[in-house]
Amino acid sequence: MKKTVEKYLEYLRSVRNASPHTLINYGNDLEQFRIFLTPPGVDTPGVTKIDHQMIREFMGHLHELGMEKSSIARKLAALRSFFKYCVREGLLKDNPARLVPTPKLPKRIPAVLSAEEMSGFLDQLAGSKYSEAGRKSRKARRRAGTPAPEMGIIRLEDSLLLRRDRALLELLYAAGLRVSELTGLNLADMDQKEQMLRVRGKGNKERIVPYGAKAAEALKSYWPVRDKLLYENTAIRQKTHPEAVFLNYTGRRLTQRSVGRILKKYARLVNINWDLHPHSLRHAFATHLLADGADLRAIQELLGHQSLSTTQKYTHASIRQLTDIYDKAHPHA
């Protein structure tokens, strides 16, 4: 089974253009299944010996471990995909994982900031200024044990990277990008005159997405910072990624994890109760477009969703927001 799994993962990488994240997850899921089928002193059965009952037992084992239903469903999806590959390669006649039902998942409605909250958050980044005097006064307050006053404007010591951070957050919201699409952007993918992006989504599928004036303004402010990062790191013979749009302080392509940390850092400064992640901005992009009358199919194209049903979850978020507004505003609610 192990060699078949290796061939399957190579097929996902070379033929299906699966993302590194998908390859790692599916590889781990299949290895966990192989270990489950191989107790001490027993050889791993070949793929032809595996039936749906073994897969059911594996699902039950995961449930006993206390695993979330969503995680169990993903592992079942990995098994279905693997055995589908085995059928395609002529190793099996039928896919045994198809006989195993998917755990029923609760319908989750994504939590979304209102348009006013999102605009206020991004506008605070635009209004942030580096202040040496402010930094010194904060240090003096800390030494004296005096609490700092509440900040109406975010003040961060690294004013250069603040411009980069504002640009990437504006673009995430303006274009509804996945974080992998943002970090994968190259300069060649941008048409700054027309304010358009060529985005590579899941399965390496390309789509064209526009972005607005505020994102364009933030990017214009970021370009000198990017040039500085490349120049300084090239001068000390550091390996850089000059093709990438968003760079870290070493001049290399920014990682997805770093983007998540950046967003959390600024969100907590604005509102300690916000627990935002990069996908929150994608949710906000879709929900706010829908609330302002955009066609659902147009939103589907902008998001790069293969199925309209994936896009339709934003209608539930929009309805929930309307309900909240009604409950707060109507005198007889």
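The figures here come from the full heavy-atom set of this structure, side chains too, leaving out hydrogens, waters and symmetry mates.
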Geometric class of the His283/His279 ring pair [parallel <30°, tilted 30-60°, perpendicular >60°]: perpendicular
Fellow cluster residues of Met196, listed by chain then number, with links counted only when side-chain atoms sit under 4.5 Å apart: Ile208
Side-chain contact test, heavy atoms from C-beta onward, threshold under 4.5 Å: evaluate it for [X] versus [Y] and give yes or no.
X: Val5; Y: Phe33; value: no
X: Leu99; Y: Gln53; value: no
X: Lys75; Y: Leu62; value: yes
X: Leu197; Y: Tyr211; value: yes
X: Leu37; Y: Met54; value: yes
X: Tyr266; Y: Leu162; value: yes

Pairwise salt bridge (Lys or Arg N to Asp or Glu O under 4.0 Å) hits with a residue in residues 238-249, at least two apart: Glu243-Arg253
Point-to-point distance, once rounded to the nearest 0.5 Å, from [atom1] of [X] to [atom2] of [Y]:
X: Asp29; Y: Thr22; atom1: CG; atom2: OG1; result: 10.5 Å
X: Leu168; Y: Thr183; atom1: CG; atom2: OG1; result: 10.0 Å
X: Leu122; Y: Leu172; atom1: CG; atom2: CG; result: 9.5 Å
X: Met118; Y: Tyr173; atom1: CE; atom2: OH; result: 6.0 Å
X: Glu10; Y: Leu23; atom1: CD; atom2: CG; result: 9.0 Å
X: Ile72; Y: Phe58; atom1: CD1; atom2: CZ; result: 9.0 Å

Salt bridge (charged side-chain N to carboxylate O under 4.0 Å, His left out) involving Lys220 - partner list, sequence neighbours excluded: none
With Arg56 via salt bridge (charged side-chain N to carboxylate O under 4.0 Å, His left out) - residues at least two apart: none
Qualifying residue for side chain to side chain contact (heavy atoms under 4.5 Å, CB included) with Leu182, from Val199, Leu177, Leu281, Leu254: Leu177
No-hydrogen, no-angle side-chain donor-acceptor test under 3.5 Å, Arg80 and Thr102: yes
Distance-only donor-acceptor check, side chains Arg226 and Tyr231, under 3.5 Å: no
Any donor-acceptor pair under 3.5 Å from Asp94 side chain to Pro96 backbone: no
Any donor-acceptor N/O pair, Ser221 side chain to Ala218 backbone, under 3.5 Å: no
Ring pair (Phe, Tyr, Trp, His ring centres under 6.0 Å) contacts touching residues 62-84 (sequence neighbours left out): Tyr8-Phe82
Sequence-distant partners of Asn25, side-chain contact (heavy atoms from CB on, under 4.5 Å), two or more places apart: His21, Arg74
Indicate yes or no: does [X] engage [Y] in a salt bridge with an N to O separation below 4.0 Å.
X: Glu6; Y: Lys3; result: no
X: Glu89; Y: Lys84; result: no
X: Lys214; Y: Glu170; result: no

Minimum heavy-atom distance Pro242-Leu230, with the two atoms named: CA-CD2, 3.9 Å
